[in-house]
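Comments concern the structure below.
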Number of protein chains: 2
Amino acid sequence: MSQLSVSEAVAETGLSAHTLRYYEKEMLLYEVPRDSGGRRFYTRELIAAIKFISALRATGMSIHGIKDYIDLYRRGEHTAQQRMGLLQSHEEAVQAQLKKTRASLNMIQRKIALYQSQLDAVAPNKQRA
Amino acid sequence: MSQLSVSEAVAETGLSAHTLRYYEKEMLLYEVPRDSGGRRFYTRELIAAIKFISALRATGMSIHGIKDYIDLYRRGEHTAQQRMGLLQSHEEAVQAQLKKTRASLNMIQRKIALYQSQLDAVAPNKQRA
DNA sequence: ATGCATGTTAGAGTGCGCTCTAAGTCAAGC
DNA sequence: GCTTGACTTAGAGCGCACTCTAACATGCAT
């Protein structure tokens, strides 16, 4: 069970088979093994890589940015420091993005509150009727 | 000063002139007034609308979704309840998105910590040297 | 009156991240 | 042996949100 078929990997990662192939073509995934019939299967390590790539995507890192990270990975252990630096600067970007989103959300929430008081003035205490 | 030229509106909102025109074409902005020479200018109300639209965009609402909201606005006061509902369901979507982003960020932070301990094992106490 | 910055238009182009298509292969079950 | 379903490929297509182009107009400063 440490080797998943395409459909199992789809179920496990939440990505589509199309997207898995696309990531492979873009070199985010490499050395994906095949069975005797030429079909892909995904090892535990690959599934972990896919999940990490998904986390990078979900936080807004571009495919290109992820590729840079993966390329460092492929170049060996001596790139660990650079990889960490990459992740750290991404983390900063995500924190900034979160801050901006929270500020925008706040503005939206104030607007909702405005609607609530406005609707309340028109039809007050409706819940007590 | 309650009427801003294009370049002033650009400075005030952080959007490009291209994007302002694009939003107008997509009907997110309407009745943008013109001076005698046919040039646009932006009233206080328009600037506020642009900033609110930017907040919706920054939280991931699509242009189409914003258009739906604006269309309700144009139809008059009796749509206030619907508009509020729209904002509320958007708020929920944003909260869910934030949650997902935080979870992904957490995964990335754990990876960074892993790098840190790994690099520390190779060159421990470097800071004390 | 000349030059230059700032604006106007319609429409084309761009970059991103998938997403789909079409035609074919393979293995297992009936 | 035949069907079915899961897979394969190269490459095209798509939706989104801008972003830019080209040719032209206006208005202020020298």
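These numbers come from a predicted model, not from an experiment. Every heavy atom of this structure was used, including side-chain atoms; hydrogens, water molecules and symmetry mates were not. Chain A is the first sequence line, chain B the second, and so forth, proteins listed ahead of strands; every chain is numbered from 1.
Nucleotides of DNA chain C that come within less than 4.0 Å of any heavy atom of chain B span, from the 5' end to the 3' end, dT6(C) to dT9(C).
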Which donor-acceptor pairs under 3.5 Å do the side chains of residues 36-46 of chain B make with protein atoms, sequence neighbours left out?
{"residue": "Arg40(B)", "atom": "NE", "partner": "Glu24(B)", "partner atom": "OE1", "Å": "2.6"}
{"residue": "Thr43(B)", "atom": "OG1", "partner": "Leu46(B)", "partner atom": "N", "Å": "3.1"}

Hey, can you pull the donor-acceptor pairs under 3.5 Å for the side chains in residues 108-117 of chain B, sequence neighbours left out?
{"residue": "Gln109(B)", "atom": "NE2", "partner": "Glu91(A)", "partner atom": "OE2", "Å": "2.8"}
{"residue": "Arg110(B)", "atom": "NH1", "partner": "Asn106(B)", "partner atom": "OD1", "Å": "2.8"}
{"residue": "Tyr115(B)", "atom": "OH", "partner": "Tyr69(A)", "partner atom": "OH", "Å": "2.7"}
{"residue": "Tyr115(B)", "atom": "OH", "partner": "Arg83(A)", "partner atom": "NH1", "Å": "3.1"}
{"residue": "Ser117(B)", "atom": "OG", "partner": "Leu114(B)", "partner atom": "O", "Å": "3.0"}

For the pair Ile70(A) and Leu29(A), evaluate side-chain contact (heavy atoms from CB on, under 4.5 Å) and give the outcome as yes or no after the intermediate values. CA-CA 8 Å; Ile70(A) 299 291; Leu29(A) 303 173; over 6 Å; no

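For Tyr73(B), the OH atom counts as loosely surrounded, since its 6.0 Å shell holds 12 or fewer non-hydrogen atoms of other residues, nucleotides or ligands. Counting heavy-atom neighbours within 6.0 Å of His78(A) NE2, excluding the residue itself, gives a total above 12.
Listed by residue number, there are no residues of residues 46-56 of chain A with a heavy-atom contact under 4.0 Å to DNA chain D. A heavy atom lying under 4.0 Å from DNA chain C marks none of the residues of residues 60-67 of chain B. Of the residues in residues 36-43 of chain B, those placing a heavy atom less than 4.0 Å from an atom of DNA chain D are Ser36(B), Gly37(B), Arg39(B), in numerical order. Contacts between residues 91-101 of chain A and DNA chain D, defined by a heavy-atom separation below 4.0 Å, involve no residue at all. Within residues 11-33 of chain B, the residues approaching DNA chain D are His18(B), Thr19(B), Tyr22(B), Tyr23(B), by heavy-atom distance under 4.0 Å.
Under the rule for a side-chain contact (heavy atoms from CB on, under 4.5 Å), the partners of Lys67(A) that lie at least two apart in sequence or sit in another chain are Met27(A), Leu28(A), Asp71(A). Every residue meeting the side chain to side chain donor-acceptor pair (under 3.5 Å) condition with Ser5(A), not counting sequence neighbours, appears here in chain and number order: Ser7(A), Glu8(A).
Listed for the Thr59(B) side chain is a donor-acceptor partner under 3.5 Å among the backbone atoms of Ala55(B). Distance alone, capped at 3.5 Å, places no donor-acceptor pair between the Thr79(A) side chain and the Arg75(A) backbone. Without hydrogens or angle criteria, Thr101(B) side chain to Gln97(B) main chain gives a donor-acceptor distance under 3.5 Å.
Val122(B) forms part of no hydrophobic cluster, judged by ILVMFWY side-chain heavy-atom separations under 4.5 Å. Counting side-chain heavy-atom gaps under 4.5 Å among Ile, Leu, Val, Met, Phe, Trp and Tyr, the cluster of Leu98(B) also holds Val94(A), Leu98(A), Leu105(A), Val94(B), Leu105(B).
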